[in-house]
Protein chains: 2
Amino acid sequence: MVDKKQKRRVPQQARSRERYDLILDAAARLFAGVGYEAATTNAIAREADVPIGSLYQYFAGKEDILHALADRYLEDMQQLHEESFSADISGLSIEEIVDRQIDPYIAFSEQHLGFKHAFLGAEVSADLAAAMAELDDAVVEGIKTALQRLNGQLSDKRATMAATVLKGMVKGLFGALESDTDPAFQAGVIAEYKRALADYIRRVAQGEG
Amino acid sequence: MVDKKQKRRVPQQARSRERYDLILDAAARLFAGVGYEAATTNAIAREADVPIGSLYQYFAGKEDILHALADRYLEDMQQLHEESFSADISGLSIEEIVDRQIDPYIAFSEQHLGFKHAFLGAEVSADLAAAMAELDDAVVEGIKTALQRLNGQLSDKRATMAATVLKGMVKGLFGALESDTDPAFQAGVIAEYKRALADYIRRVAQGEG
DNA sequence: GTACAATACGAGTAATTACTCACTTTTATT
DNA sequence: AATAAAAGTGAGTAATTACTCGTATTGTAC
């Protein structure tokens with residue numbers, strides 16, 4: 001999906017495959033901690049407990065590490081989407097639908113904590129940004145289809161617009177969660193947010209005015 | 001609000017005051033264009049058509065430029081908030097309130113286009129992040145007060161939570177606006193978003209369930 | 001018009017960083 | 001056990017970048 005220099009040595013033994021992942025994990029930690037630019041390749045190697053030379057056996061350069069990380073992240077995300085959007089929602093209340101869609105994302109974002117920091121900034125390369133945009137489009141498409149399943153009358157245009165709004169709201173939710181780390185407060189915010197989402201979905205599902 | 005080295009020469013003639021702003025403008029353009037890290041001080045000086053030595057007469061370093069820029073931005077934002085939250089909303093419909101609150105922010109974000117890019121990343125310094133968080137808190141506080149004006153029964157806790165949700169939704173709106181630049185589509189998204197905001201506010205105002 | 005201060009200037013520097021490469025060690029194959 | 005291939009290693013390098021400082025220019029006061 002994302003490729004550029006493809007100069008790196010392809011791991012052929014289990015040992016090197018492990019190191020590859022070790023480096024990626026270390027990079028993810030550092031990117032999250034100090035940001036992409038401030039994370040030097042030497043520091044990544046040190047964090048992974050791997051010599052700098054070994055790092056460059058598997059990665060063509062610093063940006064290549066970011067791209068590999070992005071690939072991993074995007075794959076996980078895509079899988080989440082597929083599971084999410086292929087689920088059968090017939091017979092469920094709107095509240096139940098919202099629960100089943102939102103909860104996995106919250107779990108995902110907790111697992112991949114901090115990773116997105118590296119991608120929120122403006123330092124990302126153009127094709128990485130494109131990959132993220134592609135993912136965003138897939139999300140909108142998935143939500144759109146789900147909305148049209150709820151309301152057969154919905155035009156493509158209106159469904160796309162509503163899906164964009166919902167995507168924005170969900171992203172906003174994650175932003176709101178970052179500002180306060182108190183679990184009780186976060187749970188409250190999530191509950192409130194779900195209500196808002198359900199209300200909006202209900203409005204769209206009912207044809208609205 | 002944000003200070004660190006304070007080593008810069010304080011402009012005493014009109015000429016140098018102009019240059020100071022010239023440099024800030026150039027920095028804002030470059031930060032928005034290529035990001036904070038990639039924007040070299042030499043490039044900023046070139047963009048501002050000012051020698052590198054002059055740049056360092058007014059700014060103690062690269063980070064100092066970012067801080068000065070942040071100060072300018074935060075001041076503008078704070079003024080916007082004050083105007084926004086001091087407005088008399090009695091007798092207005094929820095839809096009108098939403099219009100009057102959201103529209104100025106949209107105009108502001110268009111004027112300060114791209115600036116926030118420099119601040120969304122993880123590269124910001126700790127005290128700058130603190131300044132942004134402070135601003136966020138002020139927003140939540142303002143929304144909270146407005147909500148309690150709409151519904152006297154609202155506890156501080158619930159009002160704060162609802163305000164956090166609303167703040168998140170608005171931030172999500174700006175994210176959604178970035179993904180598609182088609183004005184017609186954007187206008188539609190804004191309209192949809194306003195509906196969602198109004199619905200949620202109405203729910204909170206009515207005591208909810 | 002002279003003395004003094006403020007400002008302008010940009011070549012140069014010290015420090016940092018992404019990345020290389022010549023060499024060693026480990027694993028696979030026969 | 002011998003050979004080859006794959007993987008490991010880190011001191012060193014070339015390039016970049018934030019920042020300095022000695023000098024030139026402009027403005028001010030008398």
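Throughout, protein chains are lettered first and strands after them, A, B, ... in sequence-line order, and every chain is numbered starting at 1.
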How close or far is atom P of C/dT20 from atom NZ of A/K62, stated in whole angstroms?
-> 15 Å
So does B/R19 get a side-chain nitrogen or oxygen closer than 4.0 Å to the phosphate oxygens (OP1/OP2) of C/dC9?
-> yes
Looking at B/Y36, is B/K62 sitting on its ring face, NZ or CZ under 6.0 Å from the six-membered ring centre and within 45 degrees of the normal?
-> yes
At under 4.0 Å, does any side-chain N or O of B/Y56 touch on OP1 or OP2 of C/dC9?
-> no
Checking side-chain hydrogen bond (donor to acceptor under 3.5 Å, both in side chains) for the pair A/Q79/A/E83: CA distance, chi angles, key distance, verdict?
-> CA-CA 6 Å; A/Q79 198 189 330; A/E83 285 168 17; 3.3 Å; yes
Whole-Å distance separating the CZ atom of B/R46 from the P atom of C/dA11 = 12 Å
Of the nucleotides D/dG8, C/dA11, C/dA8, which one has an atom closest to the side chain of B/Q57?
-> C/dA8
B/T41 side chain near D/dC19 phosphate (N/O to OP1/OP2, under 4.0 Å) = no
Separation of D/dC19 C1' from B/N42 CG (nearest whole Å) = 9 Å
Atom CG of A/L22 to atom P of D/dA7: distance rounded to whole Å?
-> 16 Å
A/E37 has an atom CD; how far is it from atom P of D/dT17, in whole Å?
-> 11 Å
Between CE of A/M161 and CG of A/D156, what distance do you get to the nearest 0.5 Å?
-> 12.5 Å
Would you say A/S54 reaches D/dA7's phosphate, i.e. side-chain N/O to OP1/OP2 under 4.0 Å?
-> no
Starting from C1' on C/dA18, measure out to OH on A/Y36 and report it in whole angstrom.
-> 10 Å
Mapping A/T40 and A/G53 onto DNA chain C by nearest heavy atom, which one lands closer to the 5' end?
-> A/T40
Pick from A/I143, A/D137, A/V140: which one makes a side chain to side chain contact (heavy atoms under 4.5 Å, CB included) with A/T164?
-> A/V140
Value in whole Å for how far the P atom of C/dA18 lies from CG of A/L66 | 13 Å
Which one, C/dA18, C/dG10, D/dA11, comes nearest to the side chain of A/I52?
-> D/dA11
Mind calculating the distance between CD1 (B/I65) and C1' (D/dC19) to the nearest angstrom?
-> 11 Å
Do the numbers put B/R203 on top of the ring of B/Y200, so that NZ or CZ is under 6.0 Å from the six-membered ring centre and no more than 45° off the axis?
-> no
